[in-house]
Protein chains: 4
Amino acid sequence: MIVGKPRFKSREERITEIQRAAKKLFFEKGYQNSTVDEIARLLEIGKGTVYFYFKNKDDLYISLMTPVTEEMGKGLKKFENEIDKGKFENGCDIIKGFFKVFYSLYKYDAEGIKIVQSFQQGDLFPKMSSETFETLNNLARFSYGVMRNIILKAKKMGFIKKTLDEFALADILWATFIGVVQLEESKFRATKKDHLYKTLNYAFALIARATCDDYDNSKIKKYFDLRL
Amino acid sequence: MIVGKPRFKSREERITEIQRAAKKLFFEKGYQNSTVDEIARLLEIGKGTVYFYFKNKDDLYISLMTPVTEEMGKGLKKFENEIDKGKFENGCDIIKGFFKVFYSLYKYDAEGIKIVQSFQQGDLFPKMSSETFETLNNLARFSYGVMRNIILKAKKMGFIKKTLDEFALADILWATFIGVVQLEESKFRATKKDHLYKTLNYAFALIARATCDDYDNSKIKKYFDLRL
Amino acid sequence: MIVGKPRFKSREERITEIQRAAKKLFFEKGYQNSTVDEIARLLEIGKGTVYFYFKNKDDLYISLMTPVTEEMGKGLKKFENEIDKGKFENGCDIIKGFFKVFYSLYKYDAEGIKIVQSFQQGDLFPKMSSETFETLNNLARFSYGVMRNIILKAKKMGFIKKTLDEFALADILWATFIGVVQLEESKFRATKKDHLYKTLNYAFALIARATCDDYDNSKIKKYFDLRL
Amino acid sequence: MIVGKPRFKSREERITEIQRAAKKLFFEKGYQNSTVDEIARLLEIGKGTVYFYFKNKDDLYISLMTPVTEEMGKGLKKFENEIDKGKFENGCDIIKGFFKVFYSLYKYDAEGIKIVQSFQQGDLFPKMSSETFETLNNLARFSYGVMRNIILKAKKMGFIKKTLDEFALADILWATFIGVVQLEESKFRATKKDHLYKTLNYAFALIARATCDDYDNSKIKKYFDLRL
DNA sequence: TATGAATGAGGCTTCATTCAT
DNA sequence: GATGAATGAAGCCTCATTCAT
């Protein structure tokens with residue numbers, strides 16, 4: 001049996017390296033169109049090495065969701081803390097805060113977000129172990145919890161209308177983010193024109209205007225830099 | 001004239017039948033997890049028959065997008081005509097109109113929408129012939145055109161703010177729809193609770209409030225049956 | 001995708017053909033050293049064809065046990081019937097009868113017997129579905145039942161000693177058969193000399209002498225053609 | 001002289017340790033279903049260490065046959081010596097002597113016997129170097145030689161019939177042992193009831209009765225503790 | 001001596017697609 | 001038109017073996 005020279009790297013390096021390559025491929029061609037073989041070839045490592053660090057292809061795939069999911073939790077928590085410290089002055093500011101957290105997330109890991117989306121689309125359910133499913137769901141639930149808390153605080157501080165439903169609003173904020181990302185990426189593939197920032201900003205400006213009690217156009221102008 | 005029962009189903013019938021079965025399976029298990037064999041078995045027809053009517057599996061898959069895409073075009077066109085006939089009285093009404101078109105579309109063909117989404121996510125690009133791609137893109141562009149026209153008309157009629165960007169708004173309407181559908185379906189799989197109508201209605205109510213010059217809460221109440 | 005010409009055979013033919021090839025390979029090289037690929041190549045059929053008729057490699061393997069197991073049941077049942085018809089005249093005759101059933105089984109399907117042996121050795125337990133396991137166990141239990149019945153009848157007819165334990169004797173008859181087959185095959189591989197018939201006959205002659213009340217050397221001579 | 005604890009185990013210790021672990025695994029799950037990794041993990045040593053002491057997996061496997069094969073040779077030789085010293089008084093005693101050697105062998109190393117069996121079944125032939133094959137064959141031939149010698153001596157001493165064929169009888173003794181072990185282990189796996197001793201004893205009692213000139217039931221009773 | 005990360009040949013299995021009937 | 005047996009490329013995964021440390 002012929003075995004090539006092993007070139008050693010630290011566990012962390014390898015894992016990151018493999019995840020990066022996997023993400024690149026998954027992003028370009030979709031999960032099902034990417035093969036483990038290709039990931040290995042891309043890194044010039046053996047196929048077996050991938051399986052040394054990940055139980056199977058799905059495990060690798062799902063591991064890509066964790067960083068972005070955790071990052072979202074962290075970002076939202078930090079956001080909440082800053083609200084507690086009085087760093088936000090009105091509702092527009094709060095909605096802009098959501099925008100910033102989400103857009104940072106996109107900048108941090110666009111591929112990861114795509115994977116979360118495809119996870120949400122349910123294409124992986126049959127293949128996932130129920131533990132993994134639970135882990136991911138817990139992370140997601142945590143983020144939702146923080147989002148709702150933030151909305152409740154904003155209501156209490158009189159920044160947004162007290163009549164708003166924090167469950168619906170949290171859903172809509174996230175859904176809008178995901179929907180716009182998906183749409184703009186699709187358009188980008190066809191036209192090579194990147195309107196993500198602009199459109200996302202516009203969408204959150206609309207939400208700001210709709211949710212803030214005391215809004216006037218000057219605030220929209222200030223926080224979103226546009227006139228509605 | 002008396003005619004005996006036809007031994008074979010008509011071309012149209014067969015095609016519809018196969019598409020229905022395929023859609024069901026694709027919806028339940030995803031494209032890659034459904035096999036042509038399974039589709040045929042579901043219909044109790046031979047596998048070869050599927051290939052008689054569709055060039056290949058991808059062709060079948062892509063064909064499922066057409067009805068929903070066309071239906072959207074038709075729905076929006078009809079909407080536009082009704083505006084021209086003066087059937088809408090204000091901006092809330094218009095946004096509610098969009099909601100109705102989109103929600104009808106969902107009722108008409110939820111699976112089809114999922115397929116459009118996965119198309120937008122780019123999972124099929126490598127497999128699609130450029131002609132098919134063009135056909136679908138044209139249908140999509142048509143719908144976008146109608147949406148923008150409607151927004152322009154609403155602006156002209158003074159129903160919504162003149163400062164609004166019809167390109168951004170059309171994107172956001174569609175993105176919000178897609179994002180909410182995806183999110184709520186994902187939640188439905190986990191919780192079996194269906195909040196789609198409620199959340200979608202809430203989202204469009206927010207957009208209505210944000211976009212209509214003259215809104216007051218009574219109109220939101222009237223058209224969306226809720227208080228913001 | 002390039003697909004070769006299909007050459008059609010009847011379901012039965014194909015199954016038999018595949019089983020024959022598999023048996024040949026398994027016999028020559030053992031289960032684990034035979035590949036599905038090789039079976040297909042041997043028959044000049046596609047690998048997929050094997051999987052069209054057998055759920056998986058184990059299923060194919062296990063299917064090879066059925067004929068020999070059934071044949072044994074049939075052989076023993078026939079033997080029992082003949083005893084009922086008074087066709088056997090003494091204990092030596094009965095033991096010779098067992099010899100004949102077993103040796104015919106070997107002639108009928110030597111490879112199948114080897115597979116039964118390796119099954120008994122437990123190398124397949126982890127891989128077998130519990131239903132298959134049950135099916136095979138039931139067939140085996142049936143044969144054991146018939147063997148014990150025959151022994152009981154022989155006791156009742158005064159052919160063999162009444163003190164004999166039919167459970168132990170049934171076990172020993174089968175164990176001796178299996179043990180001798182295994183040993184002589186092993187020797188055959190090394191020396192190319194086939195002593196199976198001779199040794200098996202000798203072994204059953206010994207058992208005959210040990211179990212029959214009324215034996216004398218002339219009966220051993222008559223039924224086993226040798227002097228002890 | 002005071003000596004510090006050795007940091008590393010001695011060569012002999014390591015080898016024995018690895019063999020013990022390997023035997024345990026091979027016995028439980030079969031050769032092909034056991035991995036080198038698992039053996040190493042069981043011992044909490046590195047996989048490479050196994051390869052330091054054994055050329056490869058097959059080498060390790062085959063090495064497991066040596067102790068039991070040697071032990072058999074020793075046991076039979078000791079048996080022969082005792083016969084020479086006049087410690088056996090009749091044929092039943094001799095056959096019981098064989099039983100004792102074989103059953104001790106089983107107690108000494110049941111797993112080893114299983115491996116010898118699978119070797120006899122030929123599952124390892126393709127993988128074995130011809131030197132190893134020769135070594136093992138020589139050991140086996142030696143044991144057979146001793147067995148035949150014992151039988152010849154027993155004949156000369158008038159303990160067993162002079163007409164008996166020592167070649168056939170040696171084969172049958174070993175084959176019966178192997179066959180019963182295999183059968184009873186198989187039954188044990190299914191029923192958890194251990195009848196090995198009982199059945200083996202019964203089988204050798206039958207052989208005793210068949211081979212000894214002067215037997216009467218009291219001797220069977222004395223040496224095998226049962227009535228035939 | 002001992003380790004364990006790395007390798008890649010090789011096996012099993014799936015399934016889109018074809019084509020003789 | 002309709003069928004389904006046959007195909008084989010292609011993918012996933014295992015694991016014996018190596019070798020730098």
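On a predicted model such as this, the values are computed, not experimentally measured, just so you know. Naming: A, B, ... by sequence-line order, numbering from 1 per chain.
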Quick one: [X] [atom1] to [N] [atom2], roughly how many Å, whole number?
| X | N | atom1 | atom2 | value |
| --- | --- | --- | --- | --- |
| Ile18(A) | dA5(E) | CD1 | P | 12 Å |
| Gln32(D) | dG11(E) | CD | C1' | 11 Å |
| Arg41(D) | dT14(F) | CZ | C1' | 13 Å |
| Leu60(A) | dG11(F) | CG | P | 16 Å |
| Leu25(D) | dC15(F) | CG | C1' | 14 Å |
| Phe54(D) | dT1(E) | CZ | P | 14 Å |
| Arg11(C) | dT3(F) | CZ | C1' | 16 Å |
| Ile39(D) | dT17(F) | CD1 | C1' | 13 Å |

Take Gly48(C) and Asp37(C), find for each the nucleotide of DNA chain E with the closest heavy atom, and name the residue whose nucleotide sits nearer the 5' end.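 Nearest-nucleotide comparison on DNA chain E picks Asp37(C).
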
When the nearest nucleotide of DNA chain E is assigned to Val36(C) and to Ile45(D) on a heavy-atom basis, which residue is associated with the more 5' position?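 Nearest nucleotide further toward 5': that of Ile45(D).
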
Is there a Watson-Crick or G-U wobble partner for dA20(F) with both distances under 3.5 Å, and which nucleotide is it?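 Partner of dA20(F): dT3(E).
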
For dA6(F), take OP1 and OP2 only and decide whether either is under 4.0 Å from a side-chain N or O of Tyr51(C).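 Tyr51(C) to dA6(F) OP1/OP2: no side-chain N or O under 4.0 Å.
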
Does a side-chain N or O from Arg14(B) land closer than 4.0 Å to OP1 or OP2 of dG1(F), or not?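 Arg14(B) to dG1(F) OP1/OP2: no side-chain N or O under 4.0 Å.
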
Residues in side-chain hydrogen bond (donor to acceptor under 3.5 Å, both in side chains) with Lys114(A), at least two apart?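 Checked Lys114(A) against side-chain hydrogen bond (donor to acceptor under 3.5 Å, both in side chains); zero matches.
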
Residues that Lys57(C) engages under side-chain hydrogen bond (donor to acceptor under 3.5 Å, both in side chains), provided they are two or more places apart: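 Partners of Lys57(C) under the side-chain hydrogen bond (donor to acceptor under 3.5 Å, both in side chains) test: none.
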
Look at all strands and tell whether Thr49(B) reaches a base, only sugar-phosphate, or nothing, counting heavy atoms closer than 4.0 Å.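 Base contact.
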
Check the pair Arg14(A), Glu17(A) against salt bridge (charged side-chain N to carboxylate O under 4.0 Å, His left out), reporting the backbone distance first and the verdict last. CA-CA 5 Å; Arg14(A) 270 282 187 250; Glu17(A) 186 182 77; 2.9 Å; yes

For residues Ser118(D) and Tyr61(D), report the shortest heavy-atom separation together with the two atoms involved.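 Minimum heavy-atom contact is OG-OH, 2.8 Å.
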
Quick check: do Phe27(A) and Ile115(A) have side-chain heavy atoms less than 4.5 Å from each other?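 No, too far: nothing below the 4.5 Å cut-off.
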
With distance as the sole criterion, do the side chain of Lys47(A) and the base of dG10(E) form a donor-acceptor contact below 3.5 Å?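 Yes.
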
Given DNA chain F, 5'-ward residue of the pair Gly46(C) and Thr35(D), judged by closest heavy atom: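 Result of the comparison: Gly46(C).
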
